[in-house]
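Each remark here refers to the structure printed beneath this line.
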Amino acid sequence: MIYGGIVGLIILGPVEGRSQGRSSSMGRPQQCTVLAALAVEVGRTVPADVLVERVWGQEPPERARRTLHSHITRIRRSLETIDTGSGDPARLLLGSGGYRLDMEPDDIDLHRFRRLVKRADRRLCSEAEARVLLRQAVALWRGEPLAGLTSAWAERTRNAWTLERLDAVVAWARTELAIGDPQAVIAELNALAYDFPLVESLAATLIQAQYAAGRTSEALDRYATVRRQMVDALGIEPGPELQQVQQAILQGDRIGPTGPAISRDAVLAPQVRIPPQRPTHAVAGPAPRRHLVVPAQLPIDVRGFAGRESELAQLTDILESSQAEKQPALCVLWSAAGSGKTSLAVHWAHRVAQQFPEGQLYANLRGFEPSGVVVRPEEVIRMFLDTFQVPPQSIPVSLEAQAALYRSYVAGRRMLVVLDNARDVDQVRPLLPGTADCLVLVTSRRALPSLVASEGAHPIAVGPLPYDEARRVLSNRLGAARVAADSAAVDRLIARCAGLPLALALVAARVATHPDLDLRTLADELDVAVGSTETPAEAGRGVHVVFVWTYRTLSPAAARLFRLLGLSPGPDIDELAVAHLAALDLPTARMLLNELQDAQMVSEHKPARLSLHELLRGYAMDLVRAVETAEERSAAVRRLLTHYVTSSRRAAVLLERHLSQDAVEGPDAGSSRLTTAREAVEWFTAEHAMLLDIVRRAADEGHDASLCSLARSLMEYFNRQGHWRDQINTQRLALDAARRLGDRRAMGQAHRGIGVAHAWLGQYDDAYTHSRSALDLACEVGSTSDQAQAHLALARVFERQGRHREALDHDQAALMLAEIANDRLAHAVSLNNVGWSLAMLEQYEAAKDHCGRALMVLREVGDPSGQAATWDSLGYINHQLHYSAEAIECYREAIRLNREAGNRYAEADSQHHLGNTLMTLGDFAGAKGCWQQAVVILDELNHPDAETVRDRLTGLEQAQSGIGWGR
């Protein structure tokens, strides 16, 4: 039965309880979400995990279950007070693994609504009875269901229930029309039609009601409005039902109150009042990157690798066993430094790479770097997620959430993951995929026993090479004939190397570069080196003895360069930076680096990037402290800092044209060879790790002015690439440095950088606080350019929250400041941003004027990125003004410029918009082609917008096949 008029629990609106005839809130949003999730499943046990997911999503906080218990306790108390039609109290009971709401379904408005609609089936009751039942069902709605609840589950559920409501309202309205009472439904249908203009059944019923009530002109106006909205938003004409209604009105025919049910696509399709977000020129979003289907990150295989047959066999056995048992495989290669763990890992990884067809990931964790810089797990995860082209805005903040996202991308893929030079278990554990399809190979100086105990890792000790394998290494590198010619000398060389592959490589390099020397003479030299060590780093036998011996064979200039390399903080360095470090011209630096490479003292592990083995780096650091004076060391560090300060600024100018107004000080840098924004991004990307280390070195050693300059130059690169956490960390260091310097302008710029990063992370309170501080400081120092930038940053904070009126206020303030400063580029950027904010407020004519003026200036100053953004803005504005031909030309120009600049997301965005406009003109084939291109790009970027465009394609295909949308 259906109980009278009493509904004890309301969820078709704000979640409320009825007590003594009055409604009251059932608690805070999370508590209401728990109650609603239980109410939907009334009478059934809902597992606690399901409740947690419905409240907090797929990545709940650690205290989610404890908080859930607190919510349950408070809900029990609230339920004691609500009315029920049956008189029985509502109870919340503990079930098997979850909770059950025990109350009559008809005491909950959702279930009462569904029961009434079901009973109104015309096969079960008369027209008059159906009318009464449906009117009661529609009356149960009290606005937006689950109002105020923001979880993903609440949003999905709200959309589904809205479909049910619209079906019920249309069915009720048609019963009223059938008995001749159109006035009873017009107000209700009008209100819903405003919110859901693309639902054809709803529109058709409203038009019928208006016509039946004698309001013919309103009915025809409504049809014209609906048609325009469908063409603008979906690019298709109204379906047969609406067209038949219009024709009947024009011919004066009577219209029967029948029609099809409502389509989910029509309800959830993008409405005409919802414009796309637009990246701005002043605060750029992340630059899109292509999706790498098969990453191949292994370093170059070791030339002349030999030996390690036992270890290679163990690794192969572990791999085959894991494949047979479908179990995850985790191996730990551990040993003392210099034993060749990395070479072994890389060589075996290359051997089996084909068995991992979905790619190989590699990361050097730098766990034992002499500088003490250890790579954090979140840095590695971010690098791996970049490889998978995860959009920066999709990367969560916490390490746990990042690790979960990384595991989700690796899950189901057959991949090999090499984690080199791990310091401890904490550095490794977040990087483990946790899937049987992957093999993880870890190298470390430690056995990592807790990883063996907890994760089932297979430890493989990598000791010194046995004599016969060491001899084979030398034979592979020097030739078997030369080794066989003097076995006694070879034995002495192997003994001095203590079976360590790094030492053997240095010996082989010395032999190979001096073919005129016999092996006995070289062995004598090494014997002499053993008894004549001069520094602590040279003491002992084995690899350090070989270091001493090799170092002493270098020319004085190459030896000095090797020592100075011990001052470089990064994992690798390019030859131009080496030249500045050592105060050399580039040709001389290249000549000396070739000498060091021939001696195996440095290696080129990536094209044009040089690195030192961690033991050689430590040796170089000891030497530079022992040989070079403090003044010489300080001067070298300053030269390196100056190089990166100058190079970063020159590259930044290509990304932020207004920076060119600031003087670029310092010596001519290699980045001056850069000519395009794309090249600048590539330079920043190659130097990313070095720049972070340089920033830390500057902070540690008090180079505050250099630190502030570096942070300012890095700002736009970090923003474009989505490295917002690096941005925040770097700008915080810069803020501290600026405070020490008393540099108020630098403080403001650092605040702005922090604010922009927080805005992109969706942390709007922090974004506003820092952006506001940036504006206050810019006003204090009187910098109009910084004031304009701060206003633009604040505008974007508000825009991303949908607060377009406030965004416009700040955009207009930036425009005024640019005019005062006579800064033409900033003026053009601000004009475009003002135009976009006006478009968001539907002031299209004024928006078009602003963007048109912006485009003229941007052409004059030669800023293609700004031109592309402005052309896209003009395309959107013209589309809204129904100037379809003009919109098409604007979008095509935006696509061309973005394609030339490699801005893939912006290109896809414009392709999407161009497709919409082509649909307006009935060019179905053209629209389909644009949308298909957009989907391809967005899929490559793994961007969520792909689903929106894919829905458009599906709708077009349905319309062309006669199914249509909204029918």
Short side-chain to backbone donor-acceptor contact, [X] and [Y], under 3.5 Å:
X: R563; Y: V624; value: no
X: E379; Y: R376; value: yes
X: Q360; Y: M415; value: no
X: T730; Y: Q727; value: no

N-O pairing of [X] and [Y] below 4.0 Å:
X: E628; Y: R633; result: no
X: R609; Y: E687; result: yes
X: E701; Y: R697; result: yes

Which distance, rounded to the nearest 0.5 Å, do you find between the CZ of F718 and the CG of L691?
7.0 Å
So, taking the atom named CG in D574 and the one named CG in L610, what distance separates them when rounded to the nearest 0.5 Å?
8.0 Å
Is it true that [Y] and [X] share a donor-acceptor pair across their side chains at a distance under 3.5 Å?
X: E679; Y: T675; value: yes
X: S555; Y: E595; value: yes
X: D301; Y: H350; value: no
X: W683; Y: S648; value: no
X: N364; Y: N421; value: yes

Validation row, ring centre H688 to ring centre Y717 under 6.0 Å
yes
Sub-4.5 Å side-chain heavy-atom contact between F368 and S444
yes
